[in-house]
Trainee: 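Please see the structure below; I have some questions.
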There are 2 protein chains.
Amino acid sequence: MLTFVGLGLYDERSITVEGREAIRDADRVFAEFYTSRLSGTTVDQLAAHHDVGIDVRDRAGVEQHPEEILDAAASGDVVFLTAGDTMISTTHVDLRLRAVDRGIETRVVHGVTAQTAASGLTGLQNYRFGPATTLPFPYAHGADGLPASVTNAIDENRERGLHTVVYLDIKVDRDEYMTADVGAELLAEAYPDVLAVVVARAGSPDPLVEAGRLADLATREFGDPLHLLVIPGECHLLEADALVDLAGADRDALDLA
Amino acid sequence: MLTFVGLGLYDERSITVEGREAIRDADRVFAEFYTSRLSGTTVDQLAAHHDVGIDVRDRAGVEQHPEEILDAAASGDVVFLTAGDTMISTTHVDLRLRAVDRGIETRVVHGVTAQTAASGLTGLQNYRFGPATTLPFPYAHGADGLPASVTNAIDENRERGLHTVVYLDIKVDRDEYMTADVGAELLAEAYPDVLAVVVARAGSPDPLVEAGRLADLATREFGDPLHLLVIPGECHLLEADALVDLAGADRDALDLA
């Protein structure tokens with residue numbers, strides 16, 4: 001059996017009780033932290049907390065050489081851990097399908113996602129978000145200006161009055177996490193006067209939620225990672241109240257539905 | 001302090017460890033189960049599991065008469081429980097803003113959502129979903145045919161190649177949960193040949209994921225609630241592989257990106 005478990009957003013306590021039981025019942029525990037990581041803990045702390053050994057695999061160790069994981073799952077109970085939710089990344093879907101192809105039973109223990117947290121912390125309603133996008137580091141994007149994937153997502157969502165989550169690039173192996181001021185500065189090239197909301201440390205005990213024009217957010221600081229940005233679309237009255245009360249938004253800058 | 005805690009999708013073990021600790025540290029625990037409920041447990045079992053009393057409020061007891069909850073939170077640590085995630089419903093945002101207005105500290109302990117689970121179980125990628133919609137019971141809708149809110153969401157998402165989660169109506173106080181065959185039959189009026197995916201019992205130990213034309217899904221049965229439907233948009237290759245391998249989709253019926 002191969003059980004995929006999402007660790008949630010912040011530390012050892014962000015996992016579900018069901019996920020914790022799956023870890024404790026497992027014969028072997030693998031993990032990957034190249035798609036994301038938990039900012040409130042380390043692998044050693046996680047292993048000590050759950051009293052298990054955790055075999056951390058890099059991208060090649062999951063994508064090109066999954067045999068050891070699959071062999072272990074064919075003969076015992078294996079848990080595969082990831083930060084946040086477990087099936088957000090295509091990497092993990094691929095691993096699951098390989099297991100299914102080998103006749104190995106699979107199971108998914110869902111985790112809390114940044115999308116959920118962004119909605120919950122800002123008061124913007126879940127069903128009024130369009131598709132999210134990811135803002136890459138300029139060196140990773142490799143061309144001048146914003147990628148079309150980012151502007152298209154924002155523009156199409158705004159046309160429909162929908163909110164957009166803009167994930168900020170993460171290069172875990174280089175220990176690089178784009179902060180919201182850097183993200184806002186990049187986005188301000190195209191949208192200087194658009195109101196956005198910074199969500200920092202979602203899922204932690206001290207999350208920050210702060211609204212402002214992108215050009216203004218580019219000049220502020222928001223503390224430790226991880227950060228993301230939300231570009232609100234049209235706001236219902238209660239959503240506007242929430243952005244004013246919880247994020248310090250200027251009510252006049254909001255687009256009311 | 002008023003702490004909103006999402007219980008997750010299924011039973012006592014669907015909550016995060018952080019949420020469980022918040023319950024155990026609370027002076028008083030309130031809950032509402034009119035927006036959704038946990039199908040794998042009861043309020044009594046939940047209270048016994050966490051060894052606390054749970055004061056369940058109906059809609060009026062939260063929306064029109066929140067004073068008792070707010071008074072308790074002004075003088076002690078109060079936890080407010082909801083199924084799934086905690087801030088999906090505007091009800092809870094309103095309660096949070098009332099607390100903020102009274103100078104009461106608030107905190108959100110996020111929970112797993114059906115949207116996350118639908119993505120994880122189907123293999124459809126989170127960032128390729130458009131906004132979700134809810135299909136009401138015809139008696140609740142009160143007019144012939146599908147509501148424009150449903151067809152607009154599906155049509156606009158399909159135009160953009162995006163997937164749509166269609167939540168099925170829940171009337172907890174009447175113990176009525178629309179099943180996926182009924183939902184498919186309603187949707188088949190407009191989209192008989194469109195491929196959809198049933199997700200039943202997401203977050204439980206025996207989730208079901210099954211694809212088919214809406215007209216065909218209308219003739220099948222999918223067991224105990226809760227159910228939802230996903231209308232896939234354009235699928236990337238790995239998403240298509242997942243729908244074929246995990247949901248039994250006919251590959252020729254998929255719209256490949």
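Residue numbers begin at 1 in each chain, while the letters A, B, ... track the order of the sequences. Predicted model only: the values in this text are computed from it and were never measured.
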Trainee: Quick one, Ile15(A) with Thr16(B), criterion side-chain contact (heavy atoms from CB on, under 4.5 Å). Give me CA distance, side-chain angles, the key distance, then yes/no.
Mentor: CA-CA 5 Å; Ile15(A) 194 171; Thr16(B) 62; over 6 Å; no
Trainee: Here's a test for you: under side-chain contact (heavy atoms from CB on, under 4.5 Å), which of Thr86(A), Thr116(A), Val112(A) qualifies with Thr116(B)?
Mentor: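 In the set Thr86(A), Thr116(A), Val112(A), the residue that makes a side-chain contact (heavy atoms from CB on, under 4.5 Å) with Thr116(B) is Thr116(A).
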Trainee: Can you tell which of Val108(B), Leu9(B), Leu238(B) has the highest number of heavy-atom pairs within less than 4.5 Å of chain A?
Mentor: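 Winner by heavy-atom pair count: Leu238(B).
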Trainee: Drop me the distance from Asp94(B)'s CG to Asp241(A)'s CG, to the nearest 0.5 angstrom.
Mentor: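 That separation rounds to 8.5 Å.
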Trainee: Around Asp51(A), counting heavy atoms of other residues, nucleotides and ligands shown, do more than 12 lie under 6.0 Å from its CG?
Mentor: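 No, CG of Asp51(A) has 12 or fewer neighbouring heavy atoms, counting only those of other groups under 6.0 Å.
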Trainee: Determine the minimum heavy-atom distance between Gly130(B) and Pro131(A), stating which atoms define it.
Mentor: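 Result for this residue pair: CA-CD, 4.2 Å.
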Trainee: What do the steps show when you test Asn126(A) against Asp85(B) for side-chain contact (heavy atoms from CB on, under 4.5 Å), and what is the final call?
Mentor: CA-CA 10 Å; Asn126(A) 194 44; Asp85(B) 186 39; over 6 Å; no
Trainee: Non-hydrogen atoms of chain B under 4.5 Å away: do they reach the side chain of Tyr167(A), the backbone, both or neither?
Mentor: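 The side chain, not the backbone.
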Trainee: Using a cut-off of under 4.5 Å on heavy-atom pairs, state which of Ala117(A), Gly123(A), Ala202(A), Ala132(A) scores highest against chain B.
Mentor: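 Of Ala117(A), Gly123(A), Ala202(A), Ala132(A), Ala117(A) has the most heavy-atom pairs under 4.5 Å with chain B.
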Trainee: Does anything in residues 224-232 of chain B get under 4.5 Å of chain A by heavy atoms, and if so which residues?
Mentor: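 Expected list: none.
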Trainee: How about Thr90(B) and Gln125(A): do any of their side-chain heavy atoms sit closer than 4.5 Å?
Mentor: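 Yes, at least one pair of side-chain atoms sits under 4.5 Å.
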Trainee: Which value, rounded to the nearest 0.5 Å, describes the distance between Gln115(B) atom CD and Tyr127(A) atom OH?
Mentor: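 Answer rounded to 0.5 Å: 13.5 Å.
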Trainee: So do Leu121(B) and His110(A) actually touch side chain to side chain, heavy atoms under 4.5 Å?
Mentor: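 Side-chain contact under 4.5 Å: yes.
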Trainee: Go through Leu162(B), Val165(B), Val100(B) and name the one with the most non-hydrogen pairs under 4.5 angstrom from chain A.
Mentor: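 With the most close heavy-atom pairs to chain A, the winner is Leu162(B).
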Trainee: Is the shortest side-chain heavy-atom distance between Val17(B) and Arg20(A) below 4.5 Å?
Mentor: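 Result yes, sub-4.5 Å side-chain heavy-atom pair found.
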Trainee: Taking every non-hydrogen pair under 4.5 Å, which of His236(B), His163(B), Glu156(B), Met87(B) racks up the most with chain A?
Mentor: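 Ranked by contacts with chain A, first place is Glu156(B).
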Trainee: Taking all non-hydrogen atoms of both residues, which atom of Ala242(A) and which atom of Val93(B) are closest, and how far apart?
Mentor: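 Nearest pair, atom of Ala242(A) first, then Val93(B): CB-CG1, 4.0 Å.
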Trainee: Decide whether Arg160(A) and Asn157(B) meet the rule of one side-chain donor and one side-chain acceptor closer than 3.5 Å.
Mentor: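 Side chains of Arg160(A) and Asn157(B): pair found under 3.5 Å.
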Trainee: For chain A, which candidate among Glu12(B), Arg128(B), Glu21(B) shows the most heavy-atom pairs at distances under 4.5 Å?
Mentor: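 The residue among Glu12(B), Arg128(B), Glu21(B) with the greatest pair count is Glu21(B).
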Trainee: Sort Leu124(A) into side chain, backbone, both or neither according to what part of it lies under 4.5 angstrom from a heavy atom of chain B.
Mentor: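 No part of Leu124(A) comes within 4.5 Å of chain B.
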Trainee: Going by heavy atoms in the side chains, are Leu246(B) and Arg96(A) under 4.5 Å from each other?
Mentor: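 Result yes, sub-4.5 Å side-chain heavy-atom pair found.
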